[in-house]
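Since the structure comes first, as structure tokens, the remarks are kept for the end.
Each ligand, and each atom within it, is numbered from 1 in the order the structure gives.
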Amino acid sequence: MEYEICLEPSGICFMANENQNIVEAAKAHDVAIKHGCASGSCGDCKGTILSGESEQGPFMPLLLTPAERAAGMGILCKLYPRSPMRLRAEVISGNIWNSHIVSLNKLAWNVLELTLKPENAYPYRTGQYARMAVPEHQDQWRSYSMATPPQDHGELVFHIREIPGGLFSQWLFKKAQCGDSITLGPPQGDFALHPEQNRPMLCIAAGTGLAPIEAIIQESILQGQNRPVHLFYGAKKQADFYHLDQLQQWAQQYPQITVTPTISDMEDTHWTGARRLLPSVAARGHWQNHEVYLCGSPGMIEAAIDLLLSHGVSHAHIHFDAFAPNG
Ligand SMILES: Cc1cc2nc3c(=O)[nH]c(=O)nc-3n(C[C@H](O)[C@H](O)[C@H](O)COP(=O)(O)OP(=O)(O)OC[C@H]3O[C@@H](n4cnc5c(N)ncnc54)[C@H](O)[C@@H]3O)c2cc1C
Ligand code: FES
């Protein structure tokens with residue numbers, strides 16, 4: 001069955017098949033509803049159901065607050081129509097930014113630091129991410145978080161993990177050169193430093209999930225905040241870590257910052273530090289009064305949310321950015 005879907009306030013209408021989610025159906029008609037992961041993990045495709053019947057597929061817990069659910073909001077990349085519908089949904093502008101690669105630095109065996117210089121100012125908030133068109137496949141886009149707060153010289157820094165068979169990361173690791181062009185979509189995402197000055201921060205980052213967490217910690221330093229920050233940084237094995245020196249330097253320079261690196265490889269006998277990310281978090285503190293920032297795989301984030309809720313942290317104080325595979 002096909003149904004007509006109309007979006008407000010844009011007034012755009014298109015047809016959607018009952019097996020197509022709303023984001024996908026819109027895309028098939030060249031309508032770009034704002035979205036990030038397209039897999040129910042980031043929340044960027046939230047919209048409000050104004051009328052009509054639908055089926056909501058599964059999505060990451062806490063993406064919708066109780067108030068948003070009560071207001072009829074849904075996750076449009078997992079919403080399937082069952083009748084004609086009217087939805088309030090953000091349609092993104094066709095704005096794109098041309099940028100070129102300023103530098104490529106290896107941070108770890110499977111992580112590159114990519115620095116881009118957009119031709120025009122790229123105004124973003126600390127913690128947000130950019131969608132990048134895959135060079136040679138300009139209809140394919142991938143999401144990457146800016147790893148620093150906005151900088152005066154306008155450059156954008158990313159930490160990019162190599163994915164075996166990955167369209168974008170394989171191009172970046174195998175072919176990219178300084179000076180190559182990369183097209184960017186508008187900055188997106190609500191992951192950001194929350195201004196409750198008096199609440200200590202618990203940050204949990206796994207792998208390149210460190211990127212927006214580093215940006216948020218830097219932002220709190222730049223704002224002159226001296227509330228305690230405890231960063232747990234997880235990797236599978238020692239060789240996967242990057243920026244450990246920089247994090248240790250922050251911890252020495254700013255006494256309010258504590259860094260606990262953890263590895264999950266139980267067979268590495270050379271590692272004398274903590275093991276296993278979430279059990280280390282559970283063992284090391286009482287987190288009820290903390291503002292929590294999580295970034296890593298959707299699985300890690302779901303497990304961390306369960307853990308934190310069971311430790312009495314309230315929904316309102318848990319913020320996360322899930323690095324889901326594209327689509
Ligand atoms: C909001 C957001 C921000 C992100 N920020 C970053 C970031 O700063 N740094 C970063 O390294 N990544 C980040 N990611 C994840 C990144 O966008 C995806 O991993 C992306 O799919 C990689 O593109 P690719 O072309 O290399 O691989 P693809 O061509 O997309 O994927 C190739 C294969 O690998 C699988 N795959 C892709 N990514 C993953 C993954 N992460 N885990 C497991 N399997 C995977 C795919 O399902 C597919 O089968 C972010 C994701 C989101 C949603
Ligand atoms: S785009 Fe729908 S949850 Fe990420």
Side-chain angles (χ1 to χ4, degrees), residues 21-24 26-27 32-47 56-64 68 73-80 89-90 92 107-108 110-116 124 127-148 156-176 182 184-192 205-216 235-236 240 242-243 294-301 319-327:
N21 66 62
I22 299 292
V23 170
E24 195 182 8
K27 197 171 173 188
I33 291 180
K34 186 177 157 214
H35 69 284
C37 64
S39 60
S41 298
C42 72
D44 274 358
C45 63
K46 282 179 196 177
Q56 178 70 75
F59 57 85
M60 177 83 85
L62 304 196
L63 280 187
L64 292 177
E68 287 172 334
M73 292 185 82
I75 297 296
L76 302 187
C77 71
K78 289 283 177 180
L79 192 78
Y80 298 87
E90 194 174 336
I92 48 176
L107 296 178
N110 62 346
V111 180
L112 270 182
E113 180 189 72
L114 165 68
T115 304
L116 295 179
Y124 69 94
Q128 284 194 301
Y129 67 93
R131 283 170 63 77
M132 299 183 195
V134 180
E136 302 165 8
H137 300 268
Q138 293 282 314
D139 59 330
Q140 296 277 332
W141 293 77
R142 300 291 187 263
S143 303
Y144 292 103
S145 299
M146 276 67 81
T148 69
L156 310 176
V157 178
F158 302 89
H159 303 162
I160 298 193
R161 178 157 77 94
E162 182 174 17
I163 303 284
L167 214 52
F168 182 84
S169 57
Q170 288 301 317
W171 172 82
L172 193 74
F173 276 71
K174 306 255 157 63
K175 293 192 185 166
I182 294 187
L184 303 171
Q188 288 184 212
D190 295 329
F191 195 53
T208 46
L210 187 62
I213 295 278
E214 269 195 10
I216 281 173
K236 283 203 182 82
D240 298 346
Y242 65 90
H243 276 189
L294 308 170
C295 191
S297 70
M300 183 285 275
I301 288 180
H319 316 286
F320 61 87
D321 200 13
F323 280 10
N326 180 67

Contact between ligand 1 and [X] is defined here as a heavy atom of the residue under 4.0 Å from a ligand atom; is it met?
X	value
Gly189	no
Ala322	yes
Phe158	no

Would you check, one step at a time, whether the test side chain to side chain contact (heavy atoms under 4.5 Å, CB included) holds for Phe158 with Leu172? CA-CA 12 Å; Phe158 302 89; Leu172 193 74; over 6 Å; no
Every residue of the protein that comes under 4.0 Å of ligand 2, judged on heavy atoms: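 Answer by chain and number: His35, Gly36, Cys37, Ala38, Gly40, Ser41, Cys42, Gly43, Cys45, Ile75, Cys77.
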Closest non-hydrogen atom pair between Gly40 and Leu63, with its separation: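 Closest approach of Gly40 to Leu63: O-CD1, 3.4 Å.
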Under 3.5 Å: donor-acceptor pair, side chain of Gln188, backbone of His35: yes
Quick check: does any side chain N or O of Arg131 sit under 3.5 Å from a backbone N or O of Pro186, one acting as donor and the other as acceptor? no
Counting only heavy atoms, tell me which of [options] gets closest to [atom].
atom	options	result
atom 16 (C) of ligand 1	Pro325, Ser143, Ser297	Ser143
atom 8 (O) of ligand 1	Ala324, Gly299, Ser145	Ser145
atom 12 (N) of ligand 1	Trp141, Phe191, Tyr129, Tyr144	Tyr144

As an exercise, identify every atom of ligand 1 less than 4.0 angstrom from a heavy atom of Arg161. 11 (O), 40 (C), 41 (N), 42 (N)
Sub-4.0 Å protein heavy atom next to atom 49 (O) of ligand 1: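 Protein heavy atoms within 4.0 Å of atom 49 (O) of ligand 1 - there are none.
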If I apply the N/O under 3.5 Å rule, does His159 come out as touching ligand 1?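 Yes, there is a polar N/O contact under 3.5 Å.
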